[in-house]
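Written out below as structure tokens is the structure these notes cover.
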Amino acid sequence: MAGAEGSKVNVVSIPFLPAVMTSPIIPSKLRTSSPEWLEHVMSLPSSSSTAKLIESLEQYDDVTAWINDSLNAQENVDNLNTPSNADLTKLDQYITQLVSTLDIACEDTSAQLERIIDDVSRGIPRLAYDVHFMKDGALSLQSSLVEVLKKSKDVVPPDTSAALDNLHQLDTIKNRMESAREVLQEAESWSTLEMEVTTLIGERSYAKAAERLSEASKSMVVFQNTPEYDPRRALMVNLQNQLEASLSSALVAAINSQDVAACKDYFSIFSVIQRESEFRNYYNAARRTTIVTLWQNANLSDSDNNDKSATGPRQSFAEFLPKFYSSFLALLNAERNPISSIFPDPPATLAHFLSSTMSALQPTFSHRLSSFTNYHGEACLSQLVTVLKATEDFATGVWKVMEKLQDSDTARPKQLSPSERPSGHRRRSSRMSISWRPGQPRPASLTLGGGSSTSESTEWDQELFQPFLDLQVDYSSLERRFLDHSLLEIISSDTRDNIQDLERARLFRERAVDIVGIAEGSMVRCKSFTHGYGSAGLVQALDGFFASFVDSWTAELGSQPSSSQNYAPSSSELDLADLDYSAKDWSAIQLMLHMLGSARTVSDRVTTFETKLRSFLTQISSHFRMAQADPQNFTIAATKGETQLLEQSTLNSAELFSLLSSVDETHPPTTALITPHSSSFRQSTFQQPPTPEPLLTETRSSLSTFAKTCQVSMQSTILSPLRLHLSTYPSLAIWSSREDPQSALAADLNIPTFSLSPSDSMQRVAEGLLNLPRLFEVYADDDALGFSLQTLPYVDPEMLKASEQQHPEASSQPGGGHHRRTSVAFVKPTPLDPEVISSAWLISLGHTFVAHLTKDVLPSISSLTSAGAAQLASDLEYLTNIVRALNVENDVLEKWRVAVSAEEKDVRRGIQQSSADAILLRVAKARGWY
């Protein structure tokens with residue numbers, strides 16, 4: 001290769017390349033080595049340049065010339081970019097790229113050639129057989145055709161064949177002349193159409209005018225796609241409007257007089273001119289007048305009624321609606337016979353009549369329902385249930401009328417309207433009917449001629465229940481508002497100010513009875529208003545309602561102090577007069593005990609209600625399964641249209657499915673009869689049902705919080721004397737004393753020293769702690785102490801679980817140990833040993849007191865001398881022995897005792913090993929070591 005300024009590269013030899021390549025798509029005038037061809041190749045995109053370069057190889061007879069031209073083209077491009085001498089390095093790179101491209105093309109071509117050879121090798125034997133078979137068939141056919149042709153010539157004489165040819169030609173001419181005549185006749189009839197139809201309308205020959213328009217309408221196809229079409233179509237619509245206008249007054253009179261025969265004739269005329277929908281509009285508008293007037297003139301007390309023409313007695317919407325539906329249903333029954341006689345599709349016609357009547361109501365049904373809801377406010381749900389029930393009863397009555405129409409329509413012979421008869425091409429008129437007036441909705445299209453379709457038979461049903469759908473979707477909010485409103489009505493007469501303690505606990509239990517009674521009605525409302533689809537919202541509303549009720553009592557418990565007025569201690573409490581409790585303290589303890597007892601009663605009532613709620617959800621789930629298995633015989637709602645609306649709403653959610661599935665897991669449906677001898681019976685005998693998941697989780701949490709608040713308040717009162725003894729403990733003078741008098745006396749008299757005695761404050765605290773078991777002996781028989789032990793501070797749940805295992809008879813009771821013990825406050829309590837209850841309370845009190853000592857008291861000691869540290873260590877050791885008697889082991893207290901007793905070097909070493917040890921740091925600072 002030689003490369004100089006624009007020099008040409010010559011290749012001496014090139015290996016043989018397969019010539020089997022794709023046919024090039026390059027224009028023939030460019031298939032040369034001219035500069036235009038080179039510029040064309042180099043201007044191609046990079047993705048297709050390689051393919052085009054390989055395709056250009058077929059345009060050359062000499063491979064060397066192709067390579068030189070290809071390299072020369074790249075060299076020219078480089079010269080355009082850089083005016084200096086050719087870059088040999090770039091040229092070498094391009095040659096390398098060209099060689100690689102050729103190698104790849106060779107491999108691809110070889111592979112394609114091998115596949116083609118294999119295909120041809122497999123196809124040649126079959127091709128030879130097919131050719132031979134086709135040849136034999138062609139020869140056989142040829143001989144048969146020759147024989148048939150010969151026989152046909154022999155059978156038909158020459159004279160007869162010539163006569164047949166003449167007849168065929170004459171028949172063709174005749175058909176073409178008849179077609180031309182028909183076109184000329186149509187053109188002639190259109191020229192006199194307007195005059196003829198106008199004359200017939202003036203003579204009141206409406207049927208003949210309709211027939212004339214029908215014939216003219218059939219000929220519209222002739223003028224389609226021609227300039228004549230639009231004018232003739234406009235003329236047709238104009239004449240139809242004139243005919244309809246002439247018939248309108250007589251039609252309305254016949255409808256009002258219930259002249260069925262005349263109405264039937266008029267319907268035939270409207271059908272001929274393709275105006276069935278307009279006839280229905282006339283009929284429906286005339287027949288619904290009484291119902292629309294009754295609706296418009298209703299004098300309602302709980303709805304917006306701006307119409308001054310309202311007459312009649314003033315009544316509520318819930319009272320008026322059943323009367324309105326009764327009149328409407330009577331009208332539908334009265335229309336059943338005329339509709340069956342006039343229209344070819346009675347069920348669809350009646351459905352359209354009902355839908356058009358509901359759409360024509362002013363104000364609309366949705367507007368009045370919204371006003372009705374706003375008027376009743378928080379308590380609207382119960383009124384809505386009444387209104388929905390009346391609507392469902394009306395829909396059920398309409399379905400019965402529909403069934404009667406369907407039976408009569410099936411029994412009678414099929415009658416086709418004139419528009420349904422096979423009379424050629426039919427075109428719907430797109431103009432606006434003169435029977436339609438602004439402010440009225442356009443009627444839905446109906447399928448005429450035969451019974452109503454399924455979609456049409458449910459359109460009126462869905463339109464009837466559509467206004468309720470948004471309210472049904474918002475059922476959870478409506479139910480919660482109704483529950484809160486009902487509770488507010490009950491407690492509005494309560495005066496909780498200055499109420500006695502016992503009365504407060506009693507009022508809590510009484511209000512629990514009231515809210516459970518209110519909540520029991522919610523299941524009936526959920527079934528009536530949402531037919532079970534609002535079950536998830538029901539559980540949510542009830543859970544929030546119960547939780548809100550308990551939370552209000554929890555807040556009130558913390559805001560109102562107990563009253564000690566007129567408090568008379570019992571004889572057992574008089575035995576504990578040495579415990580330093582005032583009358584106010586005894587009153588507070590009694591109040592918390594009564595509140596815990598009331599909480600236990602409330603928990604039992606709500607647990608019983610949850611069982612009823614689970615049973616209700618089980619029934620809903622069973623009903624849903626039956627409707628899914630047999631939708632023809634079981635409907636979830638009152639009608640199929642209402643069921644379909646609820647199924648397509650957001651109420652039918654994954655949350656509802658999950659809720660019903662969890663209920664089914666705990667109450668599996670019975671699908672077969674299980675005998676005592678079957679394996680299923682034996683298996684169900686020994687297997688326990690799965691533990692049900694809690695439904696009212698927020699209520700559990702609120703009751704637990706209430707119980708814990710009572711327990712903490714009671715503990716605070718019980719420990720108040722002990723905390724009072726410790727109030728001056730951090731400021732004792734002994735902590736800053738420089739010398740222990742007992743040690744000085746021992747040094748002077750040379751007598752052995754003993755451990756220091758605890759301080760007076762610590763002795764009084766220890767006496768108070770040792771008296772705590774006496775306090776709980778007084779209330780040993782009170783079940784309130786055993787309620788919600790797991791919410792006691794610092795109580796180990798494993799200890800309670802172990803105590804339950806020691807009483808298996810308790811776990812077998814309802815609400816016993818098989819329940820998930822996430823919160824004892826909502827589970828029916830198990831009977832525990834009084835000793836276990838007293839032990840749990842003493843442990844909790846001990847830990848609570850020690851926590852107060854280690855977090856609030858000991859860190860408040862600012863300085864410690866050696867004597868003060870020795871006294872503090874003695875106090876802490878003494879206290880440790882006391883709390884151990886209450887089964888309290890506290891690591892923090894032990895750390896304080898060890899830190900106070902330690903030497904300086906030990907404390908410093910501990911701080912170095914753990915700089916985050918707050919106890920060592922506080923002791924070191926108090927001792928002056930840090």
Side-chain angles (χ1 to χ4, degrees), residues 501 557-558 561-565 567-596 708-732 734 757-780 782 784-785 792-795 837-861 871-872 874-888 890 893 896:
D501 295 343
L557 192 65
S562 62
S563 175
S564 61
Q565 297 177 359
Y567 174 75
S570 62
S571 58
S572 59
E573 292 173 356
L574 292 176
D575 297 337
L576 303 175
D578 58 333
L579 295 185
D580 297 333
Y581 290 122
S582 63
K584 183 177 180 180
D585 294 336
W586 287 115
S587 176
I589 294 174
Q590 285 286 347
L591 173 61
M592 294 303 107
L593 282 174
H594 287 299
M595 281 298 181
L596 280 175
K708 188 173 183 178
T709 302
C710 294
Q711 292 166 345
V712 171
S713 177
M714 184 175 176
Q715 285 186 349
S716 178
T717 304
I718 292 174
L719 295 176
S720 60
L722 304 181
R723 291 179 177 177
L724 181 62
H725 294 323
L726 291 178
S727 60
T728 59
Y729 191 75
S731 59
L732 292 177
I734 193 174
S757 299
S759 61
D760 294 340
S761 298
M762 190 57 66
Q763 286 182 355
R764 288 194 296 269
V765 168
E767 291 175 359
L769 290 174
L770 292 177
N771 285 328
L772 288 180
R774 292 174 54 201
L775 176 65
F776 283 95
E777 289 178 359
V778 176
Y779 303 104
D782 197 334
L785 289 177
L792 278 172
Y794 305 105
V795 172
I837 298 174
S838 299
S839 177
W841 273 90
L842 290 174
I843 290 174
S844 177
L845 285 169
H847 277 288
T848 302
F849 174 77
V850 171
H852 170 68
L853 176 67
T854 56
K855 292 180 180 179
D856 300 330
V857 178
L858 294 179
S860 299
I861 300 177
Q871 182 62 52
L872 182 58
S874 176
D875 287 354
L876 295 182
E877 184 176 2
Y878 178 66
L879 181 62
T880 301
N881 295 330
I882 296 299
V883 296
R884 283 177 180 172
L886 301 177
N887 294 326
V888 175
N890 192 282
L893 180 62
W896 272 100

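Owing to the predicted nature of the structure, the values given are computational and were not obtained by experimental measurement.
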Output, in order, the C-alpha distance, side-chain angles, deciding distance and verdict of side-chain contact (heavy atoms from CB on, under 4.5 Å) for L591 and M595.
CA-CA 6 Å; L591 173 61; M595 281 298 181; 4.1 Å; yes
Looking at side-chain heavy atoms only, is the closest gap between P773 and L886 below 4.5 Å?
yes
Can you see which heavy atom on P730 is nearest to which on I861, and at what distance?
CA-CG1, 3.8 Å
Please round to the nearest 0.5 Å and tell me the distance separating atom OG1 of T848 and atom OH of Y794.
5.5 Å
Minimum-distance pair of heavy atoms, taken over all atoms of P793 and V712
CG-CG2, 4.2 Å
State, yes or no, whether a side-chain contact exists between L879 and L769 at a heavy-atom distance under 4.5 Å.
yes
Could you report the tightest heavy-atom contact between R764 and L722, atom names first, then the distance?
O-CD2, 4.4 Å
If I take atom CG from residue L724 and atom CG from residue L719, how far apart are they, to the nearest 0.5 angstrom?
12.5 Å
Would the distance check show the side chain of S713 and the main-chain N or O of T709 forming a donor-acceptor pair, the cut-off being under 3.5 Å?
no
Can you confirm whether N887 sits close enough to L842 that some side-chain heavy atom of one is under 4.5 Å from a side-chain heavy atom of the other?
no
Minimum-distance pair of heavy atoms, taken over all atoms of D875 and P758:
OD1-CA, 3.1 Å
Any donor-acceptor pair under 3.5 Å linking the side chain of S844 with the backbone of W841?
no
Just by distance, do the side chain of D585 and the backbone of S582 share a donor-acceptor pair under 3.5 Å?
yes
To the nearest 0.5 angstrom, please state how far the CG atom of D760 sits from the CE atom of M762.
11.5 Å
So, for C710 and L557, which heavy atoms are closest and what is the spacing to 0.1 Å?
SG-CD2, 3.3 Å
Non-hydrogen side-chain atoms of F849 and Q715 separated by less than 4.5 Å:
no
Is the shortest side-chain heavy-atom distance between R723 and S716 below 4.5 Å?
yes
At what distance, to the nearest 0.5 angstrom, does CD of E877 lie from CG of L872?
11.5 Å
Sub-3.5 Å donor-acceptor pair from the side chain of S720 to the main-chain atoms of T717, do we have one?
yes
Which atom pair, heavy atoms only, marks the closest approach of L876 to T880?
O-OG1, 2.7 Å
Rounding to 0.5 Å, atoms NE2 (H847) and OG1 (T854) come to a distance of 11.0 Å
For the residue pair S759 and Q871, confirm or rule out a side-chain donor-acceptor distance under 3.5 Å.
no
Got a donor-acceptor contact below 3.5 angstrom from the Y581 side chain to the I718 backbone?
yes
Do L785 and M714 make a side-chain contact, defined as non-hydrogen atoms from C-beta onward lying under 4.5 Å apart?
yes
